[in-house]
K.L.:
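First the structure, which I've put down as structure tokens, then a few questions once you've had a look.
Each ligand, and each atom within it, is numbered from 1 in the order the structure gives. Every value quoted in this text rests on a predicted model; they were computed, and no experiment measured them.
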Amino acid sequence: MAVYTDVTEGELTAFLEAYPVGELLSYKGIAEGTENSNFLVHASTGSYILTLYEKRVDKADLPFFLGLMGHLARKGISCPLPVTAHDGTVIGTLAGRPAVIITFLEGLSLRRPTAAHCAEVGKALASLHLAGQDFQMRRPNALAIDGWRKLWAASRDRADEVEPGLAAEVDADFGDFERNWPAGLPQGIIHADLFPDNVFFLGEKLSGLIDFYFACDDLYAYDVATCLNAWCFEKDFSFNLTKGTAFLAGYQSVRPLEGEEKEALPMLARGSALRFMLTRLYDWLTIPDGGLVMKRDPTEYIRRMRFHRAIRSPSEYGLT
Ligand SMILES: Nc1ncnc2c1ncn2[C@@H]1O[C@H](COP(=O)(O)OP(=O)(O)O)[C@@H](O)[C@H]1O
Ligand SMILES: N[C@@H](CCOP(=O)(O)O)C(=O)O
């Protein structure tokens, strides 16, 4: 459920007067999503998404996220374009929240992506990395190792309630990451949350990328590792080598990985699995049941952490 803040017709009509979108025809809340309140808005000039930013998004980051979407859209990446108001601004206020209107993207997110879809995602991720290279704004990754430590400090004491032995397992991982996290790999703008719910398809063809609210500067290969975790595992937690091969070949058809990036993939994939395990674990332990925020199962990512720990060669992901 992702409508935390309600908006009346009167409030929305007044808000839209500031934007060149025409008259309000209809609107409804969107159930999907996690962080913010989203509405589908039909106006006389077309369809739009209205987003009201809730408290987990740092308002100081909005110019980066919205500037990045505009930059990528202008460079031919199919992603939402923030609509500029008549006075030249992008971020307004609605129902006491920072709010924006972005363009609507056609397509559906997939529950069961195929290898062909994974190849498309690989190409799109590499294209995003290249298109971001001349974006001028910077945002350090708030969910890099220091951010993981904060989440872990808040969750560690109750971690064994979720899986016995988890506290000791993750403590050992932190030591390993601090000693072996790769340095000096190519870096730039990454999406950092390119999960299947954030990618739209029309049939086999990728039609758009959304949800840039974790985007930041970090290693390109870390974004690759995140997609391997999000797209190439089956429901029984087995790694699908056909999907991994397709995803990596798609990525490398646009941006070939350097040798050191390939070598670092097992460590990066473990780190990315830990990052998503930790945000899920934190929510699992702190958000009351039956609340508005959808809690996701941290154990899905404990399984992935263990899989990557056992990897002996990056070729096991399907690298050719
Ligand atoms: N530009 C867009 N075009 C079409 N649908 C969108 C667009 N942006 C968001 N949505 C819809 O809203 C949902 C939530 O958006 P998302 O950005 O993932 O929210 P959150 O940041 O809260 O997770 C998506 O799953 C999708 O259904
Ligand atoms: N992809 C993350 C959760 C973030 O949710 P989103 O709706 O903002 O994509 C996870 O699976 O843990």
K.L.:
Provide the number and element of each atom of ligand 2 under 4.0 Å from a heavy atom of F195.
P.N.:
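That gives atoms 1 (N), 10 (C), 11 (O) of ligand 2.
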
K.L.:
Between R275 and D193, is the closest basic N to carboxylate O distance under 4.0 Å?
P.N.:
no

K.L.:
So Y251 and H129, side-chain hydrogen bond (donor to acceptor under 3.5 Å, both in side chains) or not? Walk me through it.
P.N.:
CA-CA 10 Å; Y251 185 90; H129 290 166; 2.7 Å; yes

K.L.:
Pull out every atom of ligand 1 sitting under 4.0 Å from any heavy atom of P80, numbered as shown with elements.
P.N.:
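Within the 4.0 Å cut-off of P80, ligand 1 contributes 1 (N).
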
K.L.:
Please name the residue in the list F177, F237, F233, F239 that meets the ring pair (Phe, Tyr, Trp, His ring centres under 6.0 Å) test with H308.
P.N.:
F233

K.L.:
Would D217 and R138 pass as an ion pair if we require N to O under 4.0 Å?
P.N.:
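Answer for the salt bridge query: yes.
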
K.L.:
Show which atoms of ligand 2 fall inside a sub-4.0 Å distance from at least one heavy-atom site of F276.
P.N.:
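Selected atoms, number and element: 2 (C), 10 (C), 12 (O).
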
K.L.:
If we ignore hydrogens and angles and just use 3.5 Å, is the side chain of T103 paired with the main-chain N or O of P80 as donor and acceptor?
P.N.:
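No; zero donor-acceptor contacts below 3.5 Å.
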
K.L.:
Can you list the atoms of ligand 1 that are under 4.0 Å from a heavy atom of D211?
P.N.:
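By the 4.0 Å cutoff, the relevant atoms are 16 (P), 17 (O), 18 (O), 20 (P), 21 (O), 23 (O).
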
K.L.:
Can you report which non-hydrogen protein atom sits closest to atom 26 (C) of ligand 1, along with the distance?
P.N.:
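Looking at atom 26 (C) of ligand 1, the protein heavy atom closest to it is F200 CZ, 3.9 Å.
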
K.L.:
For atom 7 (C) of ligand 1, which of the options L209, L50, I49 provides the nearest non-hydrogen atom?
P.N.:
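Result: the heavy atom closest to atom 7 (C) of ligand 1 is in I49.
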
K.L.:
Is N36 in polar range of ligand 1, meaning some N or O pair under 3.5 Å apart?
P.N.:
yes

K.L.:
Could you identify the single nearest non-hydrogen protein atom to atom 7 (O) of ligand 2 and state the distance to 0.1 Å?
P.N.:
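Heavy-atom neighbour on the protein nearest atom 7 (O) of ligand 2: T34 OG1, 2.7 Å.
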
K.L.:
Would you mind telling me if ligand 1 is within reach of the side chain of I30, the backbone, both or neither, using heavy atoms under 4.0 Å?
P.N.:
side chain

K.L.:
Side chain of S238, backbone of E234: donor and acceptor closer than 3.5 Å?
P.N.:
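Here the side-chain-to-backbone pair does not exist.
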
K.L.:
Is any side-chain N of the basic residue among K205 and E120 closer than 4.0 Å to the acidic one's carboxylate O?
P.N.:
no

K.L.:
With a 4.0 Å cut-off on N to O distance, would you call K28 and E9 a salt bridge?
P.N.:
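Salt bridge flag = no for E9 with K28.
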
K.L.:
Is it true that R149 and E178 make a salt bridge, defined as a side-chain N closer than 4.0 Å to a carboxylate O?
P.N.:
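Yes, this pair counts.
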
K.L.:
Looking only at protein heavy atoms, which one is nearest to atom 25 (O) of ligand 1, and how far off is it?
P.N.:
E32 CB, 3.4 Å

K.L.:
With heavy atoms under 4.0 Å as the rule, classify the contact between N198 and ligand 1 as side chain, backbone, both or neither.
P.N.:
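Side chain only.
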
K.L.:
As an exercise, identify every atom of ligand 2 less than 4.0 angstrom from a heavy atom of D197.
P.N.:
6 (P), 7 (O), 9 (O)

K.L.:
Please find out if less than 6.0 Å separates the ring center of H117 from that of F201.
P.N.:
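Under 6.0 Å, so yes.
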
K.L.:
Tell me which protein heavy atom sits closest to atom 24 (C) of ligand 1, plus the residue, atom name and distance to 0.1 Å.
P.N.:
I210 CD1, 3.6 Å

K.L.:
How far is atom 23 (O) of ligand 1 from the closest protein heavy atom, and which atom is that?
P.N.:
T34 N, 2.9 Å

K.L.:
Which residue supplies the protein heavy atom nearest to atom 3 (C) of ligand 2, what is that atom called, and how far is it?
P.N.:
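Result for atom 3 (C) of ligand 2: R296 NE, 3.6 Å.
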
K.L.:
Any idea which protein heavy atom is nearest atom 11 (O) of ligand 2, and the distance to it?
P.N.:
R280 NH2, 2.7 Å

K.L.:
Check D176 with R270, please: is the shortest side-chain N to carboxylate O separation under 4.0 Å?
P.N.:
yes

K.L.:
Do any nitrogen or oxygen atoms of D193 lie less than 3.5 angstrom from nitrogen or oxygen atoms of ligand 2?
P.N.:
yes

K.L.:
Flag the pair K55 and E35 as a salt bridge only when some basic side-chain nitrogen lies within less than 4.0 angstrom of an acidic carboxylate oxygen.
P.N.:
no

K.L.:
Establish, from distance only, whether the side-chain atoms of D197 and S109 form a donor-acceptor pair under 3.5 Å.
P.N.:
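S109 and D197 do not have a side-chain donor-acceptor pair below 3.5 Å.
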
K.L.:
For N38, take its heavy atoms, then give the atoms of ligand 1 lying under 4.0 Å from any of them.
P.N.:
14 (C), 15 (O), 19 (O), 22 (O)

K.L.:
Assess N198 for proximity to ligand 2: is some non-hydrogen atom of it under 4.0 Å away?
P.N.:
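Heavy atoms of N198 do come under 4.0 Å of ligand 2.
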
K.L.:
Against heavy atoms of D211, which atoms of ligand 2 measure under 4.0 Å?
P.N.:
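Counting atoms of ligand 2 from 1, those under 4.0 Å from D211 are 6 (P), 7 (O), 8 (O), 9 (O).
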
K.L.:
So is T103 polar-close to ligand 1, meaning N/O to N/O under 3.5 Å?
P.N.:
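N/O-N/O distance below 3.5 Å exists for this pair.
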
K.L.:
Among all protein heavy atoms, pick the one closest to atom 3 (N) of ligand 1 and tell me residue, atom and distance.
P.N.:
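In this structure, atom 3 (N) of ligand 1 has L105 N, 2.8 Å as its nearest protein heavy atom.
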
